[in-house]
Amino acid sequence: MNPLHDSTEHFCIAIPVADNRIYRWQNDNYILVPKAFDGSIPPGYKALEIDSFSLSVEDLLHLTQRIKTYNLNESGTDNYPISGFSCRLGIKDYTNENGEQEPLPCLLLEPLIGFERNDDPNDPIATNSGELLDRIPDDIDGNQVDYSAIYDFSYPCPPTCPKR
């Protein structure tokens, strides 16, 4: 098993890894700028280019299946179903084409239980913001194991930019 990951799945990352990536975004003075940015950066800050994040349908389908299984298994219990996601920014290291490590923005998805959306599309405040769910039980070879529910399967642009 890869030490960065907390399950046999390549996109489910260990909670300490996710916490570190979020901490770096919140505390290491990064500013996200678009690829075409030509302005100045305040002293003491580091600019990271980002235009978008791409996601794999295969990864989203796997995540959706885990959620369906969790919600089915938890029905009739005191637990809330997974009903939303918190999408959090983080910074991870990336090995570029020159073999050098450089910081790269990432998008972390963490399930929310008890989240209730607002029916007004013009009101950005949810009816209930819910609670983060950082672990989801999985049945692995007949054994119940709690694995991380935090995902990083995003591909940031740059370097992974779709063509127009």
Side-chain angles (χ1 to χ4, degrees), residues 1-64 66-67 70 80 82-118 121 123-136 138 146-164:
M1 187 179 305
N2 185 326
L4 295 179
H5 302 116
D6 194 25
S7 83
T8 56
E9 301 304 331
H10 66 280
F11 42 75
C12 183
I13 64 172
I15 294 168
V17 172
D19 289 345
N20 178 268
R21 290 178 183 178
I22 293 165
Y23 178 88
R24 287 181 67 192
W25 161 244
Q26 294 173 343
N27 295 286
D28 287 356
N29 294 333
Y30 287 104
I31 293 178
L32 298 181
V33 298
K35 196 165 56 168
F37 181 77
D38 62 358
S40 63
I41 303 299
Y45 285 85
K46 301 166 260 191
L48 290 178
E49 290 182 350
I50 188 73
D51 281 345
S52 64
F53 291 97
S54 297
L55 305 174
S56 159
V57 170
E58 180 183 344
D59 294 341
L60 287 173
L61 289 173
H62 181 271
L63 176 58
T64 302
R66 275 191 88 196
I67 291 167
Y70 173 86
Y80 288 103
I82 295 171
S83 54
F85 285 97
S86 175
C87 299
R88 303 172 78 186
L89 290 174
I91 303 293
K92 64 181 175 182
D93 289 322
Y94 160 71
T95 304
N96 65 24
E97 61 276 354
N98 298 326
E100 300 163 337
Q101 292 283 313
E102 60 183 69
L104 188 67
C106 59
L107 185 65
L108 306 172
L109 280 76
E110 188 168 358
L112 294 171
I113 54 174
F115 176 82
E116 295 176 33
R117 68 180 178 86
N118 187 327
D123 186 351
I125 308 299
T127 303
N128 183 343
S129 57
E131 295 177 37
L132 293 171
L133 177 68
D134 60 5
R135 295 196 164 276
I136 295 177
D138 271 337
D146 281 348
Y147 280 130
S148 170
I150 304 171
Y151 291 82
D152 176 11
F153 47 59
S154 62
Y155 296 89
C157 166
T160 305
C161 298
K163 295 175 178 61
R164 284 215 177 251

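Being a predicted model, the structure only gives us computed values, none of them experimental.
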A.B. asks: How many angstroms lie between atom CG of Leu89 and atom CG of Leu48, to the nearest 0.5 angstrom?
C.D. replies: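 Rounded to the nearest 0.5 Å, the CG-CG separation comes to 10.5 Å.
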A.B. asks: Filter on side chain to side chain donor-acceptor pair (under 3.5 Å), then keep only pairs touching residues 37-46, sequence neighbours left out; what's left?
C.D. replies: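 Not a single pair qualifies under side chain to side chain donor-acceptor pair (under 3.5 Å).
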A.B. asks: Taking atom CG of Leu63 and atom CD1 of Ile82, what is their separation to the nearest 0.5 Å?
C.D. replies: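 Interatomic distance, Leu63 CG to Ile82 CD1, rounded to 0.5 Å: 8.0 Å.
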A.B. asks: Would you give the length of the straight line joining atom CD1 of Ile125 to atom CG of Asn118, rounded to the nearest 0.5 angstrom?
C.D. replies: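 Interatomic distance, Ile125 CD1 to Asn118 CG, rounded to 0.5 Å: 8.5 Å.
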A.B. asks: Hey, are Asp93 and Thr95 close enough side-chain-wise for a donor-acceptor pair under 3.5 Å?
C.D. replies: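 The answer is no; no qualifying pair exists.
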A.B. asks: Quick check: are there more than 12 heavy atoms from other residues, nucleotides or ligands sitting under 6.0 Å from OH of Tyr23?
C.D. replies: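 Atom OH in Tyr23 is not crowded, with 12 or fewer foreign heavy atoms closer than 6.0 Å.
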A.B. asks: Distance from Leu104 atom CG to Ile50 atom CD1, nearest 0.5 Å?
C.D. replies: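 If we round to the nearest 0.5 Å, Leu104:CG and Ile50:CD1 are 7.0 Å apart.
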A.B. asks: So, do Leu108 and Trp25 sit near enough that their side-chain heavy atoms are less than 4.5 Å apart?
C.D. replies: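 Not in contact.
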A.B. asks: Do Tyr151 and Asp59 touch side chain to side chain, with heavy atoms closer than 4.5 Å?
C.D. replies: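 The answer is no, as the side chains (C-beta and beyond) never meet within the 4.5 Å cut-off.
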A.B. asks: Yes or no on side-chain contact (heavy atoms from CB on, under 4.5 Å) for Leu132 and Arg88, after CA distance, side-chain angles and deciding distance?
C.D. replies: CA-CA 11 Å; Leu132 293 171; Arg88 303 172 78 186; 3.9 Å; yes
A.B. asks: Under the 3.5 angstrom rule, does the side chain of Ser148 hit a backbone N or O of Cys12 as a donor-acceptor pair?
C.D. replies: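 Flag not set: sc Ser148 to bb Cys12 has no pair under 3.5 Å.
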A.B. asks: What heavy-atom pair brings Asp51 and Pro158 nearest, and what distance separates the two atoms?
C.D. replies: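 Heavy atoms only, the tightest pair is N-CD, 4.2 Å.
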A.B. asks: For Cys161, which residues count as a disulfide bond (SG atoms under 2.5 Å apart) partner, sequence neighbours excluded?
C.D. replies: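 So Cys161 forms a disulfide bond (SG atoms under 2.5 Å apart) with Cys157.
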A.B. asks: Report yes if the side chains of Tyr94 and Pro159 come closer than 4.5 Å at any heavy-atom pair, otherwise no.
C.D. replies: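 Yes, their side chains come closer than 4.5 Å.
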A.B. asks: Quick one: pull up CG in Asp152 and CD in Glu110 and give me the separation to the nearest 0.5 Å.
C.D. replies: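 The CD atom of Glu110 is 12.5 Å from CG of Asp152, to the nearest 0.5 Å.
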A.B. asks: Would you say Pro105 and Phe53 make side-chain contact, with heavy atoms under 4.5 Å?
C.D. replies: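 Yes, at least one pair of side-chain atoms sits under 4.5 Å.
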A.B. asks: Which heavy atom of Glu49 sits nearest a heavy atom of Pro34, and at what distance?
C.D. replies: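 For Glu49 versus Pro34, the nearest heavy atoms are CG-O, 4.4 Å.
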A.B. asks: To the nearest 0.5 Å, how far apart are CZ in Arg135 and CG in Leu133?
C.D. replies: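 The CG atom of Leu133 is 10.0 Å from CZ of Arg135, to the nearest 0.5 Å.
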A.B. asks: Can you name the nearest heavy-atom pair linking Ser154 to Lys92, along with the distance?
C.D. replies: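 Taking every non-hydrogen atom into account, O-NZ, 4.3 Å.
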A.B. asks: Judged by atom type as modelled, is there a donor-acceptor pair below 3.5 Å linking the side chain of Asp28 to the main-chain atoms of Tyr30?
C.D. replies: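 Here the side-chain-to-backbone pair does not exist.
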